[in-house]
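Just so you know, residue 1 is the first one in the sequence shown, and it goes up from there.
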Amino acid sequence: MREQLTESDVKKIQEEIEHRKLVVRKEAIEAVKEARAHGDLSENFEYHAAKKDKNKNESRIRYLERMLKTAEIVSDVSKEDEVGINNTVTVYFEEDDEEQVFRLVTSIRGNSMKHLISTESPIGKAILGKKVGDRVEVAVNDSYSYYIVIRKIENTTDDSHDAIRGY
């Protein structure tokens, strides 16, 4: 499955790659050089830690570059009365008799603990493009589903503070 990214996701990824290449990489190389100067590498914890940090940064750069190459660019523009990416949505869970509020985001920003629901999740797929008052079936798997009612849609914008998922 290809990741879905908005234009703001692409920009944020490009900024992170640039920062990692120009700032973090330089710092990591210096840390390795400094730790190497401390002598015997076989017992030098600082050297091994610095190499690990350097390799982690390089892996993150490769991960982000690969994501950009393979991702599908999707629009975060939606009609005023329809659920779209970056909209804050209030839904009523019939089964639990409770309301919840969350924001619909692309899969690389999804974080249910922060009420950021991915468009690739069962609930995200179910409500995308729906309107206030719609009763929607959320299919969790082949044998279980539940119903929700969309109560409110707020056309919020991209929050640049949302973290891009790690790898």
Side-chain angles (χ1 to χ4, degrees), residues 1-25 28 53 55-167:
M1 178 183 80
R2 293 174 65 180
E3 293 285 349
Q4 292 184 335
L5 304 176
T6 63
E7 289 295 331
S8 64
D9 291 336
V10 170
K11 183 179 178 197
K12 188 168 184 159
I13 290 171
Q14 289 170 333
E15 288 170 356
E16 182 177 344
I17 290 170
E18 184 176 340
H19 174 75
R20 286 182 173 279
K21 283 183 173 181
L22 300 177
V23 177
V24 178
R25 180 182 278 163
D53 286 344
N55 291 338
K56 186 176 180 181
N57 182 58
E58 296 302 320
S59 293
R60 178 71 174 172
I61 291 169
R62 285 190 304 274
Y63 168 76
L64 294 171
E65 288 176 336
R66 188 171 45 254
M67 186 180 297
L68 286 178
K69 286 179 187 174
T70 61
E72 172 188 358
I73 307 300
V74 296
S75 174
D76 60 355
V77 176
S78 62
K79 294 181 181 174
E80 191 72 26
D81 62 342
E82 289 183 352
V83 176
I85 295 173
N86 291 320
N87 288 159
T88 300
V89 183
T90 304
V91 297
Y92 171 71
F93 290 80
E94 293 179 351
E95 203 173 273
D96 300 328
D97 190 31
E98 68 178 41
E99 279 188 352
Q100 286 189 15
V101 178
F102 52 83
R103 191 158 50 91
L104 196 62
V105 295
T106 55
S107 58
I108 66 161
R109 294 191 188 201
N111 183 340
S112 59
M113 300 303 287
K114 294 184 177 182
H115 302 280
L116 302 173
I117 304 299
S118 164
T119 55
E120 296 299 311
S121 69
I123 195 168
K125 287 178 185 177
I127 67 170
L128 190 62
K130 301 297 190 268
K131 299 180 179 194
V132 170
D134 286 353
R135 183 175 185 253
V136 181
E137 180 179 17
V138 178
V140 176
N141 56 40
D142 291 338
S143 60
Y144 178 71
S145 63
Y146 58 91
Y147 286 91
I148 59 174
V149 177
I150 299 173
R151 295 249 169 112
K152 183 178 178 183
I153 302 169
E154 295 175 65
N155 287 317
T156 49
T157 57
D158 173 31
D159 182 353
S160 61
H161 294 94
D162 296 341
I164 294 174
R165 184 185 68 231
Y167 52 101

- Query: Quick one: OG on Ser118 to CD on Glu3, what's the gap to the nearest 0.5 Å?
  - Reply: 8.0 Å
- Kindly determine whether Glu15 and Lys11 satisfy side chain to side chain contact (heavy atoms under 4.5 Å, CB included), including the steps that lead there. CA-CA 6 Å; Glu15 288 170 356; Lys11 183 179 178 197; 3.2 Å; yes
- Message: Quick check for you: to the nearest 0.5 Å, what is the distance between Arg151 atom CZ and Thr90 atom OG1?
- Response: 9.5 Å
- Query: Run the salt bridge (charged side-chain N to carboxylate O under 4.0 Å, His left out) check on Glu16 and Lys21 step by step: do they pass?
  - Reply: CA-CA 9 Å; Glu16 182 177 344; Lys21 283 183 173 181; over 6 Å; no
- Task: Start with the C-alpha gap between Arg135 and Glu94, add the side-chain angles, then the distance that decides, and say whether salt bridge (charged side-chain N to carboxylate O under 4.0 Å, His left out) holds.
- Result: CA-CA 10 Å; Arg135 183 175 185 253; Glu94 293 179 351; 2.8 Å; yes
- Note on the structure: For Glu82 and Asn155, the nearest pair of non-hydrogen atoms, with its separation, is O-OD1, 4.5 Å
- Message: If you define the side chain from C-beta out and look only at heavy atoms, does anything of Asn86 sit under 4.5 Å from Leu104?
- Response: no
- Message: Checking Val74 now: which residues fulfil side chain to side chain contact (heavy atoms under 4.5 Å, CB included) with it, not counting sequence neighbours?
- Response: Gln4, Thr6, Glu72, Ile85, Thr106
- Item | Cationic N near anionic O, under 4.0 Å, Glu58 to Arg25 | yes
- pair Ile117-Val105: side-chain heavy atoms closer than 4.5 Å: no
- With sequence neighbours excluded, what pairs up with Lys125 under the salt bridge (Lys or Arg N to Asp or Glu O under 4.0 Å) test? none
- Item | Distance (rounded to the nearest 0.5 Å) between His19 NE2 and Ile61 CD1 | 10.0 Å
Atom pairs and distances, donor-acceptor, side-chain atoms in residues 126-134, under 3.5 Å, two or more places apart:
| from | atom 1 | to | atom 2 | distance (Å) |
| --- | --- | --- | --- | --- |
| Lys131 | NZ | Asp81 | OD2 | 3.3 |
| Asp134 | OD2 | Lys131 | N | 2.8 |

- Audit row: Val149, Val136, side chain to side chain contact (heavy atoms under 4.5 Å, CB included) steps and yes/no: CA-CA 6 Å; Val149 177; Val136 181; over 6 Å; no
- Message: Strictly by ring pair (Phe, Tyr, Trp, His ring centres under 6.0 Å), give each pair with a member in residues 64-96 just once, sequence neighbours left out.
- Response: Phe93-Tyr146
- Task: Sequence neighbours left out, what pairs pass ring pair (Phe, Tyr, Trp, His ring centres under 6.0 Å) with at least one residue falling in residues 95-125?
- Result: none
- Query: Which residues satisfy the side chain to side chain contact (heavy atoms under 4.5 Å, CB included) test with Asp53, sequence neighbours excluded?
  - Reply: none
- Can you tell if the side chain of Ile123 reaches within under 4.5 Å of the side chain of Ile148, non-hydrogen atoms only? yes
- Just do the side chain to side chain donor-acceptor pair (under 3.5 Å) check on Ser145 and Glu137 with the steps written out, would you? CA-CA 7 Å; Ser145 63; Glu137 180 179 17; 2.6 Å; yes
- Message: Whether the side chain of Asn141 engages the backbone of Ser143 through a donor-acceptor N/O pair (distance < 3.5 Å, no angle test) should be reported.
- Response: yes
- Task: Taking the side chain as every heavy atom from C-beta outward, state whether Leu68 and Ile17 have any atom pair closer than 4.5 Å.
- Result: yes
- Please tell me if the side chains of Lys12 and Arg109 come closer than 4.5 Å, counting only heavy atoms from C-beta onward. yes
- Item | Test item: Glu65 and Ile13 side chains (from C-beta on) under 4.5 Å apart, heavy atoms | no
- Message: So does Asn55 get a backbone contact from the side chain of Ser59, meaning a donor-acceptor N/O pair under 3.5 Å?
- Response: yes
